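Worth saying up front: this structure is predicted, and the values here are computed from it rather than measured.
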Amino acid sequence: MPAGASARPSGGVPAGPSGGPAETPGPASTAAGPPPAGVTLPAPSSRAGAWAELLRLPALFTVPGDALAGAAAAGARPGPRTLLAIGSSLCLYEAGMALNDWADRAEDAVERPHRPLPSGRIRPAAALAAAGALTGAGLALAAGAGRPALTVAVPLAATVWAYDLTLKHTPAGPAAMAAARGLDLLLGAAATGGGTRAALPSAALLGSHTLAVTAVSRRETTGGSVLAPLAALATTGALTGLVARRRTRLPAGRRAAAAPGLSGSRPAPGAADVLRTGLSAVYTATAARPYFHAVLNPSPPLTQRAVGGGIRATIPLQAALAARSGAGATSLLVAALAPAGRWFARRTAMRKVSIT
């Protein structure tokens with residue numbers, strides 16, 4: 001879906017959209033000659049493994065935080081409709097992943113021949129059909145969450161398809177990717193709270209981060225750009241300052257509980273401040289260091305690491321946005337997705353899977 005940040009002049013969705021580090025490391029090369037006697041080579045990737053690679057499954061852990069941060073920004077507790085929004089986001093994100101590789105199959109045949117489509121492990125028609133089916137499923141889940149959610153999901157799906165088919169290789173690509181991520185957050189707000197107005201600032205902050213990562217990812221395979229990682233580094237610093245700042249206007253349902261003078265109201269803001277500041281620091285540490293290295297040496301490997309750092313930083317940013325909205329439990333739940341994603345990536349041997 002929705003949006004991660006994209007690369008290779010960028011690709012993915014959502015959610016939408018995405019960008020990414022290096023490719024999945026495969027088994028040791030046998031190009032130097034036949035294996036020694038008695039040594040059994042690893043079996044070729046299974047069909048399920050090919051689909052897991054096509055859909056970039058480890059990247060899915062960056063998606064639920066969009067809807068959860070949106071629900072927090074709307075001042076509503078996550079509920080069944082939030083789960084439907086998360087399901088919709090996941091489907092639209094995966095639709096974008098499949099469509100990305102279908103649209104770039106000719107380019108991948110030259111630059112990434114080991115990928116599922118150019119290597120023949122998945123037929124292009126199957127990838128396109130999967131993109132269509134996942135888009136339909138995402139819209140159906142959004143409809144189940146209510147008309148406000150569907151109203152956001154439709155332009156989100158349109159943005160995903162427009163990005164992969166038309167906008168990816170144009171100057172509008174990063175903006176489209178950012179719009180997809182922002183819309184994904186608003187999807188959670190609309191599904192949970194019935195509206196999106198209160199969540200617009202959080203959507204803008206998350207979209208700005210995605211815009212910066214996507215701009216860096218456009219030079220992921222060639223390197224040579226100092227301006228993009230430098231701009232991303234400056235954006236990270238600005239976002240950290242904005243997210244770490246306490247909101248002056250709380251959602252309506254929480255104003256009374258936070259009112260001065262009420263019993264138990266003083267400790268909560270202190271804990272919220274610590275949580276918000278800590279998560280903002282994690283976001284900065286995750287994104288800023290690889291950006292800085294790419295500024296010093298904009299080679300393809302360091303540019304890829306910068307994109308990977310920006311993608312990983314999405315989760316602590318989502319968690320910090322939830323904490324900024326006063327939803328401490330939700331922010332901790334989102335933050336827990338980061339170690340869960342790393343564990344899943346290790347278990348599936350996809351630690352460095354590209355999501356572009």
If you define the side chain from C-beta out and look only at heavy atoms, does anything of [X] sit under 4.5 Å from [Y]?
{"X": "R219", "Y": "P229", "value": "no"}
{"X": "R105", "Y": "W102", "value": "yes"}
{"X": "P78", "Y": "L68", "value": "yes"}
{"X": "W161", "Y": "T135", "value": "yes"}
{"X": "R324", "Y": "L242", "value": "no"}
{"X": "T235", "Y": "H209", "value": "no"}

Nearest atoms (heavy-atom pairs only) where [X] meets [Y]:
{"X": "L165", "Y": "A103", "result": "CD2-CB, 4.2 Å"}
{"X": "A127", "Y": "I122", "result": "N-CG2, 4.4 Å"}
{"X": "L117", "Y": "P124", "result": "CD2-CA, 4.0 Å"}
{"X": "A98", "Y": "L55", "result": "CB-CD2, 4.2 Å"}
{"X": "A287", "Y": "A313", "result": "CB-CB, 3.7 Å"}
{"X": "R312", "Y": "R305", "result": "NH2-O, 4.4 Å"}

Reported [atom1]-to-[atom2] distance for the pair [X] and [Y], which is rounded to 0.5 angstrom:
{"X": "L156", "Y": "D66", "atom1": "CG", "atom2": "CG", "value": "9.5 Å"}
{"X": "D164", "Y": "T159", "atom1": "CG", "atom2": "OG1", "value": "11.0 Å"}
{"X": "T236", "Y": "L317", "atom1": "OG1", "atom2": "CG", "value": "9.0 Å"}
{"X": "L239", "Y": "T284", "atom1": "CG", "atom2": "OG1", "value": "9.0 Å"}
{"X": "D184", "Y": "S88", "atom1": "CG", "atom2": "OG", "value": "7.5 Å"}
{"X": "L200", "Y": "L185", "atom1": "CG", "atom2": "CG", "value": "9.5 Å"}

Taking [X] for the side chain and [Y] for the main chain, is one N or O donor matched with an acceptor at less than 3.5 Å?
{"X": "S119", "Y": "P116", "result": "yes"}
{"X": "S325", "Y": "A327", "result": "no"}
{"X": "R81", "Y": "T192", "result": "no"}

- Worked check of salt bridge (Lys or Arg N to Asp or Glu O under 4.0 Å) between D273 and R276: CA-CA 5 Å; D273 288 345; R276 184 182 64 252; 2.9 Å; yes

Spell out, yes or no, whether [X] and [Y] are grouped together once hydrophobic residues are joined by side-chain heavy atoms under 4.5 Å, including indirect joins.
{"X": "L60", "Y": "M97", "answer": "yes"}
{"X": "L186", "Y": "L84", "answer": "no"}
{"X": "L275", "Y": "V243", "answer": "no"}
{"X": "L57", "Y": "V63", "answer": "yes"}
{"X": "V307", "Y": "L233", "answer": "yes"}

- Got a sec, which hydrophobics cluster with V282, joining ILVMFWY side chains under 4.5 Å apart, including via others? none

- Hey, could you give me each pair passing ring pair (Phe, Tyr, Trp, His ring centres under 6.0 Å) that has a residue in residues 131-160? Not counting sequence neighbours. none

- Member of T82, I86, L83 meeting the side chain to side chain contact (heavy atoms under 4.5 Å, CB included) criterion with P64: I86

- Using a strict 4.0 Å threshold on nitrogen-to-oxygen distance, state whether R112 and D101 make a salt bridge. no

- So, are R115 and D104 salt-bridged, with charged N and O less than 4.0 Å apart? no

- Task: Fit a plane to each ring of F61 and F344, take the angle between them on a 0 to 90° scale, and name the class: parallel (under 30°), tilted (30 to 60°) or perpendicular (over 60°).
- Result: tilted

- Message: The test is side-chain contact (heavy atoms from CB on, under 4.5 Å); show your working for R121 and L54 and say whether it passes.
- Response: CA-CA 10 Å; R121 288 176 289 154; L54 176 76; over 6 Å; no

- Item | T314 versus T62, side-chain donor and acceptor atoms under 3.5 Å | no

- Message: Filter on side-chain hydrogen bond (donor to acceptor under 3.5 Å, both in side chains), then keep only pairs touching residues 140-155, sequence neighbours left out; what's left?
- Response: none

